[in-house]
A.B. asks: 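Please find one structure pasted underneath; my questions will follow.
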Amino acid sequence: MTKGWVSGAIAAALLTGGCATAPLVPRPQAAPVVRPPAFGLVGLERVMGKPASALVALFGQPDLDVREASARKLQFASAICVLDAYLYPPAAQAEPVVRYIDARQPDGQDIDRASCVAALVRRTGGK
């Protein structure tokens with residue numbers, strides 16, 4: 001009888017002792033959800049929805065003109081910023097128009113898209 005009591009007491013001591021001395025392990029935290037910034041169109045009216053000819057009239061000849069199937073990318077650069085305009089046809093057999101633009105400083109840092117458009121418009125003589 002003492003043997004059963006002793007083994008029960010040891011088992012109880014081990015169970016409660018293990019709980020008291022177990023190190024607290026931090027639970028892994030979920031990585032924060034990073035959402036891309038929402039882009040507004042304010043200040044981009046002169047570019048969005050326009051064909052390539054309107055961009056050339058506004059900024060001068062592009063520094064880069066890349067075509068792939070019906071899509072087109074025009075790049076305009078200055079000392080202040082680089083603007084990439086992505087043109088896609090709104091319907092089959094239609095002329096591509098600007099659907100998205102991206103802007104950055106020459107060193108690759110972000111810059112406001114509308115500020116870049118304004119800076120490119122202000123350069124003398126386009127390109």
A.B. asks: Same cluster or not: F76 versus I80, using hydrophobic residues (I, L, V, M, F, W, Y) connected whenever any side-chain heavy atoms lie under 4.5 Å apart?
C.D. replies: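 They do not share one cluster, since no chain of ILVMFWY contacts under 4.5 Å joins F76 to I80.
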A.B. asks: So, for E95 and P90, which heavy atoms are closest and what is the spacing to 0.1 Å?
C.D. replies: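 Nearest heavy atoms, E95 then P90: O-CD, 3.3 Å.
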A.B. asks: Side chain to side chain donor-acceptor pair (under 3.5 Å) with Q75: which of D63, D84, D65?
C.D. replies: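 One option only clears the test, and that one is D84.
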A.B. asks: Apply side chain to side chain contact (heavy atoms under 4.5 Å, CB included) to the pair Y100 and R113, showing each step before the final yes or no.
C.D. replies: CA-CA 10 Å; Y100 179 77; R113 299 179 312 160; 4.1 Å; yes
A.B. asks: Can you name the closest pair of heavy atoms from A103 and C116 and give their distance?
C.D. replies: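 Reported closest heavy-atom pair: CB-CB, 3.8 Å.
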A.B. asks: Walk me through whether V98 and L44 qualify under side chain to side chain contact (heavy atoms under 4.5 Å, CB included).
C.D. replies: CA-CA 10 Å; V98 176; L44 303 177; over 6 Å; no
A.B. asks: Looking only at heavy atoms, what is the nearest atom pair of P89 and A94, with distance?
C.D. replies: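 Scanning both residues, the minimum pair turns out to be CB-O, 3.4 Å.
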A.B. asks: Report the C-alpha distance between R99 and V97 in whole Å, list the side-chain angles of each, state the deciding distance to 0.1 Å, and finish with yes or no for side chain to side chain contact (heavy atoms under 4.5 Å, CB included).
C.D. replies: CA-CA 6 Å; R99 294 290 177 206; V97 295; 3.5 Å; yes
A.B. asks: Should L83 and L64 be counted in the same cluster of Ile, Leu, Val, Met, Phe, Trp and Tyr side chains packed under 4.5 Å apart?
C.D. replies: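 The answer is no; the residues belong to distinct hydrophobic clusters.
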A.B. asks: When rounded to the nearest 0.5 angstrom, what is the spacing between CD in Q105 and OG in S78?
C.D. replies: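 So the CD of Q105 and the OG of S78 are separated by 10.5 Å.
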A.B. asks: Is there a path of hydrophobic side-chain contacts, each under 4.5 Å between heavy atoms, that joins L120 and M48?
C.D. replies: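 Same cluster: L120 reaches M48 through Ile, Leu, Val, Met, Phe, Trp or Tyr contacts under 4.5 Å.
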A.B. asks: Taking all non-hydrogen atoms of both residues into account, name the closest pair between A79 and P106 and its distance.
C.D. replies: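 Residues A79 and P106, closest heavy atoms: O-CG, 3.4 Å.
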A.B. asks: Decide if atom CZ of R46 counts as having more than 12 heavy atoms of other residues, nucleotides or ligands within a radius under 6.0 Å.
C.D. replies: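 Atom CZ in R46 is not packed in, count stays at 12 or less.
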A.B. asks: Is it the case that one hydrophobic cluster holds both L58 and L87, taking links as side-chain heavy atoms less than 4.5 Å apart, direct or via other members?
C.D. replies: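 Yes, one cluster joins them.
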A.B. asks: Test side chain to side chain contact (heavy atoms under 4.5 Å, CB included) on F59 and L74 and set out the steps.
C.D. replies: CA-CA 11 Å; F59 303 130; L74 297 177; over 6 Å; no
